[in-house]
Amino acid sequence: MCANTLKDICPMTGDKGYPALVPFICFVFFIVTKPLVKGDLSYSFPEEMKPGFVIGNVANDLGLNLGTLSSRRARVDIEGARKRYCEINLNTGDLITSERIDREGLCGKKTSCVLKIDLVLENPLELHRVGLRVQDVNDNSPKFKRNLIEMEISESAVRGNRFSIEEAHDADTGQNDVQRYILEKNDNFVLAADNKNVQLILETSLDREKQKEMNLLLTALDGGSPQKS
């Protein structure tokens with residue numbers, strides 16, 4: 001757009017009828033109409049907080065008086081977002097949540113979850129970039145795809161044979177994700193497990209005539225506080 005209209009708005013020096021002062025005036029025109037972008041603000045807060053939770057006070061952090069927020073129609077813009085996660089209380093200068101923020105729904109399993117918003121002031125137009133770091137809370141339990149896992153093992157299996165089991169999954173991240181597994185004590189199997197590899201190891205040979213079927217209890221635990229399983 002600028003390329004197509006630049007000649008019309010800013011005629012070049014030396015054209016007939018235009019003084020040398022015109023390029024300077026045009027330069028000023030572009031400067032004063034460009035939005036003024038200020039430095040970044042950054043806040044961290046836990047997910048799932050109730051609407052009205054105070055994230056931070058933008059008036060204090062930007063050095064603005066409360067009257068300025070109202071007179072310059074301060075507002076929050078979130079580009080490309082369907083939901084309005086937060087808003088400004090013009091009476092206090094607080095940035096508050098307008099709905100519960102689900103970190104997993106917003107960022108999935110990403111290690112870092114930052115919601116970027118613009119704080120907009122009018123007359124003159126001024127933008128402040130704000131980064132909201134949403135912290136994970138332990139609101140999910142580890143889950144296996146199936147509550148009952150059935151396995152068929154021959155009684156001819158020898159000591160040391162390994163039998164893989166699909167690992168559990170947790171929607172939370174970091175320390176709140178699956179951290180360990182526990183196998184209920186039994187006469188035949190021990191457990192070898194990490195986050196991505198869960199195996200039963202045969203310690204004592206099986207005897208079908210003595211026991212046709214056995215039930216084992218395998219528990220997955222996360223590292224949250226309180227811990228969930």
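This structure is a prediction, so every number in the text was calculated from the model and none was measured.
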Looking at [Y], is its backbone amide N or carbonyl O close enough to the side chain of [X] to form a donor-acceptor pair, meaning the two atoms are under 3.5 Å apart?
{"X": "T97", "Y": "C86", "answer": "no"}
{"X": "E203", "Y": "V190", "answer": "no"}
{"X": "T68", "Y": "L64", "answer": "no"}
{"X": "R72", "Y": "P124", "answer": "yes"}
{"X": "T204", "Y": "N188", "answer": "no"}
{"X": "D118", "Y": "V120", "answer": "no"}
{"X": "N186", "Y": "E184", "answer": "yes"}

Less than 4.5 Å apart, side chain to side chain, heavy atoms only: is that true for [X] and [Y]?
{"X": "T173", "Y": "K110", "result": "no"}
{"X": "L106", "Y": "Y85", "result": "yes"}
{"X": "E166", "Y": "V198", "result": "no"}
{"X": "E99", "Y": "K83", "result": "yes"}
{"X": "L200", "Y": "L216", "result": "yes"}
{"X": "I88", "Y": "I96", "result": "no"}

Can you tell me how far apart [atom1] ([X]) and [atom2] ([Y]) are? Round to the nearest 0.5 Å.
{"X": "K109", "Y": "C107", "atom1": "NZ", "atom2": "SG", "result": "13.0 Å"}
{"X": "S154", "Y": "L206", "atom1": "OG", "atom2": "CG", "result": "8.5 Å"}
{"X": "N140", "Y": "R103", "atom1": "CG", "atom2": "CZ", "result": "11.0 Å"}
{"X": "E104", "Y": "D136", "atom1": "CD", "atom2": "CG", "result": "5.0 Å"}
{"X": "R75", "Y": "L69", "atom1": "CZ", "atom2": "CG", "result": "13.0 Å"}
{"X": "K228", "Y": "D139", "atom1": "NZ", "atom2": "CG", "result": "6.5 Å"}

The residue among T92, N89, D94 that forms side-chain hydrogen bond (donor to acceptor under 3.5 Å, both in side chains) with N57 is D94
Group every Ile, Leu, Val, Met, Phe, Trp and Tyr by side-chain heavy-atom contacts under 4.5 Å, then state whether [X] and [Y] land in the same group.
{"X": "L66", "Y": "L41", "answer": "yes"}
{"X": "L217", "Y": "Y181", "answer": "no"}
{"X": "F144", "Y": "F163", "answer": "yes"}
{"X": "I153", "Y": "I149", "answer": "yes"}
{"X": "I117", "Y": "L90", "answer": "yes"}

Verdict with supporting geometry, K116 and R129, side-chain contact (heavy atoms from CB on, under 4.5 Å): CA-CA 7 Å; K116 295 182 178 180; R129 309 293 191 191; over 6 Å; no
Given the options D170, D177, D172, L221, P142 meets side chain to side chain contact (heavy atoms under 4.5 Å, CB included) only with D170
Could you pull out the closest heavy-atom pair between [X] and [Y], with the gap in Å?
{"X": "A220", "Y": "V178", "value": "CB-CG1, 4.5 Å"}
{"X": "Q199", "Y": "L191", "value": "O-CD1, 3.4 Å"}
{"X": "N138", "Y": "P226", "value": "ND2-O, 3.0 Å"}
{"X": "V114", "Y": "G131", "value": "CG1-CA, 4.2 Å"}
{"X": "Q179", "Y": "Q175", "value": "NE2-O, 3.4 Å"}
{"X": "F189", "Y": "L183", "value": "O-CD2, 3.8 Å"}

Got more than 12 heavy atoms from elsewhere within 6.0 Å of [atom1], [X]?
{"X": "N215", "atom1": "CG", "answer": "no"}
{"X": "E209", "atom1": "CD", "answer": "yes"}
{"X": "D207", "atom1": "CG", "answer": "yes"}

Could you please spell out the steps behind the side-chain hydrogen bond (donor to acceptor under 3.5 Å, both in side chains) verdict for R133 and S112? CA-CA 8 Å; R133 186 175 299 277; S112 177; 2.8 Å; yes
Report task. Take D77 and L127 through the side-chain contact (heavy atoms from CB on, under 4.5 Å) test and state the conclusion after the steps. Result -> CA-CA 10 Å; D77 280 350; L127 300 180; over 6 Å; no
What orientation do F45 and F53 show, parallel under 30°, tilted 30 to 60°, or perpendicular over 60°?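 Taking F53 first and then F45, their aromatic rings sit tilted (interplane angle of 30° to 60°).
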Show the numbers, then the answer: is there a side-chain contact (heavy atoms from CB on, under 4.5 Å) between I201 and N161?
CA-CA 6 Å; I201 303 176; N161 280 175; over 6 Å; no
Flag the pair R100 and E47 as a salt bridge only when some basic side-chain nitrogen lies within less than 4.0 angstrom of an acidic carboxylate oxygen.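 No, this pair does not count.
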Exercise. Determine, step by step, whether D40 and H128 satisfy the side-chain contact (heavy atoms from CB on, under 4.5 Å) criterion, reporting the C-alpha distance in whole Å, the side-chain angles of both residues, the deciding distance to 0.1 Å, and the verdict.
Key: CA-CA 6 Å; D40 290 351; H128 293 272; over 6 Å; no
